[in-house]
There are 4 protein chains.
Amino acid sequence: MAETAETAEAQVGGIVSAQLRSLIERIERLEQEKAETAGAIRDVYAEAKGNGFDVRTMRTIIRLRKLESADRQEQEALLELYRAALGV
Amino acid sequence: MAETAETAEAQVGGIVSAQLRSLIERIERLEQEKAETAGAIRDVYAEAKGNGFDVRTMRTIIRLRKLESADRQEQEALLELYRAALGV
Amino acid sequence: MAETAETAEAQVGGIVSAQLRSLIERIERLEQEKAETAGAIRDVYAEAKGNGFDVRTMRTIIRLRKLESADRQEQEALLELYRAALGV
Amino acid sequence: MAETAETAEAQVGGIVSAQLRSLIERIERLEQEKAETAGAIRDVYAEAKGNGFDVRTMRTIIRLRKLESADRQEQEALLELYRAALGV
DNA sequence: CTGCCATTTTACCGGC
DNA sequence: GCCGGTAAAATGGCAG
């Protein structure tokens, strides 16, 4: 066996370090992607504004639609909960 | 006039300090009140559970009702927005 | 005896339903109260800001004060914050 | 020419409406994409946690890395974090 | 004790 | 260029 205890430990530290680096780089890549998508959204709003639409109103519409969809999902969840509670 | 510049400055610092203390104490008092209300809510859930109700279901119902009310409010806000936009 | 089994059951269902409604309303009332207190807290922060205080620093002070069992390091941070806040 | 003024106006309204719908759908699509990327990030954090890494520390590291113009103090904090993370 | 959900804090974006 | 408000991230608390 060629490695002393310290060397083995160093290897483990190296491996852990490499894992950490890999995870962090993956996250940073994804965050960049997310930022780009956010940029694209901003561009669409800007385009809309350029075509005379009111951004504030658009945001309200989109928020409302999201809310309605969340509402529907909740209703389904509640129904499912009742279903389970009643052993149907 | 009895005060040197330094003394006046110290007075100002003292006043600012007293203001800060007062504001912080008000906030802490309100936060305590909020915590107490949160405790009361927990108690009601505990009571409900003791009477055989399913807490999870109750939470879902309450969340849904809040969502519905938020939805209604948003719809009104949207209407109001349109109203304003059209100069009615 | 005037009630059939089904009627009695329906009564029980009605009572349970009323209990549930009552519990939910109590919780909703308390949550509203809690929201109002939260609003009051926001108002105090707004007032503080209006008087030239830094809200972020105040939040930090309050958070640190909540940790009554603050270790030495936190005490130092608190001191440093006061120092900075008062421009000493 | 077959269209009255009102009809032409209705057409314009229809076109505006279609434009608005298109813009909103584009935004909603992009927001969904953004949400999916956010989900992927959460997954990576979960994986990291599963491999024994401390998520809070990782978040701090990533935040510090984002501040490319980190001053010396931050660099020291980063070093300290790595040191703690690797148990040196 | 783990995962989920609510709350709180931070960051961003539009408006003035 | 700043302010205010709104959405996202992060932390803390609670149920299971």
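Lettering of chains follows the sequences in order, A, B, ..., and the numbering in each one begins at 1. Just so you know, these numbers use all the heavy atoms, side chains as well, and skip hydrogens, waters and symmetry mates. None of the values given here were measured: they were computed from a predicted structure.
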Participant: Nearest whole angstrom, please: distance from the P of E:dA11 to the CZ of A:Arg42.
Facilitator: 16 Å

Participant: How long is the straight-line distance from CD of A:Gln32 back to CD1 of A:Ile27, given to the nearest 0.5 Å?
Facilitator: 14.0 Å

Participant: For the pair D:Glu47 and A:Arg26, find out whether any cationic side-chain nitrogen is under 4.0 Å from an anionic carboxylate oxygen.
Facilitator: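 Yes, charged N to carboxylate O under 4.0 Å.
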
Participant: In the 5'-to-3' direction, what one-character label does each nucleotide of nucleotides 3-9 of chain E receive under the scheme B = base within less than 4.0 Å of a protein heavy atom, S = sugar-phosphate only, - = no such atom?
Facilitator: ---SSSS

Participant: What are the two closest non-hydrogen atoms of B:Ala48 and C:Leu23, and how far apart are they?
Facilitator: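 Heavy atoms only, the tightest pair is CB-CD1, 3.6 Å.
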
Participant: Just one of B:Arg65, B:Arg63, B:Lys66 clears the side-chain hydrogen bond (donor to acceptor under 3.5 Å, both in side chains) bar with A:Glu74, so which one?
Facilitator: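 The residue from B:Arg65, B:Arg63, B:Lys66 that satisfies side-chain hydrogen bond (donor to acceptor under 3.5 Å, both in side chains) with A:Glu74 turns out to be B:Arg63.
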
Participant: Whole-Å distance between F:dC2 P and C:Asp54 CG?
Facilitator: 15 Å

Participant: Quick check for you: to the nearest 0.5 Å, what is the distance between C:Asp43 atom CG and C:Glu36 atom CD?
Facilitator: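 It comes to 11.5 Å.
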
Participant: Salt bridge or not between A:Glu80 and A:Arg83? Use side-chain N to carboxylate O under 4.0 Å.
Facilitator: yes

Participant: Quickly work out the D:Leu64 CG to E:dT10 P distance and round it to whole Å.
Facilitator: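 These atoms are roughly 15 Å apart.
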
Participant: B:Leu81 CG to F:dT6 P: how many Å, rounded?
Facilitator: 11 Å

